[in-house]
Amino acid sequence: MQDEKVLPEASKKVFIKTWGCQMNVYDSTRMQDALEQDGYAQTDDMADADLVLLNTCHIREKAAEKVYSNLGRIRALKKQRAETGRPMTIGVTGCVAQAEGEEIMRREKAVDLVVGPQTYHRLPDIVARARTDGPQIDTEYAVEDKFAYMPLARKKQVQARGVTAFLTVQEGCDKFCTFCVVPYTRGAEVSRPHAQIIEEARSLVDAGVREITLLGQNVNAWHGLGPKGVEMRLGELLFDLAGIRGVERLRYVTSHPKDMDDGLIAAHGELDCLMPYLHLPVQAGSDKILKAMNRSHTASEYLDIIGRVRAVRPDIAISGDMIVGFPGETDEDFEATMDIVRATDYAQCYSFKYSMRPGTPGAEMHNQVPEAIKTERLARLKNLLTQQQAAFNESCIGKVIDVLLEKPGREANQLIGRSPWLQSVVVDRGLGNIGDTVRVKVITNNPNSLLAEPV
Ligand code: 5AD
Ligand code: SF4
């Protein structure tokens, strides 16, 4: 177990607002960890904070605009607080910070610091410098390994987070899909060292965590040297994590088809604790569009991977991401997207209208699809995906499944847990305690959860 460090008495408060993906949520907790060691307590009341951080996402919506409108409101708050003699420091972090950097400082004078996702370990220093020396920008890609500076998740914080936890093992992306800003905002693919991952996993289970989700923009691109000095990939890392006593469930998100190697597919067949759920986005079904997206695989190569995973783990649920209206997408291309969705049969899939991201090749393409067509295609796709998801949930009725109990339910006599396929499952409180895995039979499928009873 890890030593509890003696923390300075919390005398300052930090408020963090988070947009975007799980990676960003995880980064926010890591910023909190780093700041807590510097004497900051967390607050849910922005008006009472000494430090306000907006952890931004740049991937789809008009995120930058949202940040500016939030900053407008915060500016007024900052002014009021300056009059009380307890100043407020304002920071913008995350992918918008990385992409817009100086522009943010220029447009919004209330901002004291802008920090990109690669340098959170320097946050306490940057905040201190902003207080004494004025506005600070740090959007360098850190030459040092960012992971080396990450404080490990500490027991007290883990307990507050419950029986499931995220563990970042990889960051960044070298794939350069032509619609996506991630390679520009998050930088190149970096893997966290094996020993550090194992150490953090151990401290998580010591603190009561039973299910660990490995995180990375391209989590299955993870590679590193194992304890014997031999190069290994994600499949082998999963075996090592599965060997830690107390690790009951493993998941990983999010993956690229190109990195779905034989070892990882085999792990799905061999490791019971690797949950039968795979998020493997394909984005489109037409080979022409996949090529224009620079996805580096065809539709049939994707379906082949899905077939191989299902062969070793027949109960696996597949989830994905789809984009409609990428530049040049014809009706026929869109039908190919509907076809690949039918062929894959998703348990869950996110779908988006293509949105132009400045600085990406897609934004320069001349054959943009009109908004009305995107809207129509998205509605048709969503309709199909909703049917597939409903059919998947329906197929669970009558099954005997293991549920990891996570939290109290809405009713006093209920607990809520997760199925192997990430569905919320409501059970009777008498069945066990939070943190237990119980075997139950699914009896009904409610809109947002399954209801189960003792076997
Ligand atoms: N437009 C629409 N969707 C996008 N995504 C990423 N960039 C864009 C964009 N420019 C989607 C992809 C990705 C998910 C996280 O967000 O489907 O897998
Ligand atoms: Fe973006 Fe493609 Fe990298 Fe995923 S793989 S983060 S979609 S560039």
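Computed from a predicted model, the values in this text were never measured in an experiment. All ligand and atom numbering here is 1-based and tracks the order in the structure. The basis for the numbers below is simple: all heavy atoms, side chains too, and nothing from hydrogens, waters or symmetry mates.
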Neighbour count above 12 (heavy atom, 6.0 Å) for Glu102 CD: no
Could you walk me through whether Tyr252 and His268 pass ring-ring contact (aromatic ring centres under 6.0 Å, His included), step by step? CA-CA 11 Å; Tyr252 60 92; His268 277 282; 5.6 Å; yes
In ligand 1, the atoms that come under 4.0 Å of a heavy atom of Lys353 are 1 (N), 2 (C)
Answer yes if a protein heavy atom lies under 4.0 Å from atom 2 (Fe) of ligand 2, otherwise answer no. yes
Note: Glu189-Lys258 ion pair, threshold 4.0 Å (strictly below): no
Between Ala284 and Met322, what is the shortest heavy-atom contact and its length? N-SD, 3.9 Å
Top protein contact for atom 6 (C) of ligand 1, by heavy-atom distance: Ile59 CG1, 3.5 Å
Could you tell me whether Lys353 atom NZ has more than 12 heavy atoms of other residues or ligands within 6.0 Å of it? yes
Which heavy atom of the protein is the closest neighbour of atom 15 (C) of ligand 1, given with residue, atom name and distance? Arg60 NH1, 3.5 Å
Of Phe326, Phe179, Phe352, the residue with the heavy atom nearest atom 7 (N) of ligand 1 is Phe179
Tally of protein N/O/S atoms under 2.8 Å from atom 1 (Fe) of ligand 2? 1
Between the side chains of Asp333 and Thr330, is a donor N or O closer than 3.5 angstrom to an acceptor N or O? yes
Around atom CD of Glu332, are there more than 12 heavy atoms of other residues, nucleotides or ligands at under 6.0 Å? no
What is the ring orientation for Tyr354 with Phe326, classed by angle as parallel under 30°, tilted 30 to 60°, or perpendicular over 60°? perpendicular
Answer yes or no: are there more than 12 heavy-atom neighbours, outside Lys288 itself, under 6.0 Å from its atom NZ? yes
Of all the non-hydrogen atoms in the protein, which one sits nearest to atom 13 (C) of ligand 1, and at what distance? Asp321 OD2, 3.5 Å
With a 4.0 Å cut-off on heavy atoms, is Met356 touching ligand 1? no
OH of Tyr350: more than 12 outside heavy atoms within 6.0 angstrom? no
Should the pair Tyr302 and Tyr346 be assigned to parallel (<30°), tilted (30 to 60°) or perpendicular (>60°) ring geometry? tilted
Could you tell me which atoms of ligand 2, counted from 1 in the order shown, lie closer than 4.0 angstrom to a heavy atom of His256? 5 (S)
Any N or O of Ser355 that comes nearer than 3.5 Å to an N or O of ligand 1? yes
With heavy-atom distances below 4.0 Å as the criterion, list the atoms of ligand 1 near Gln283. 12 (C), 13 (C), 17 (O), 18 (O)
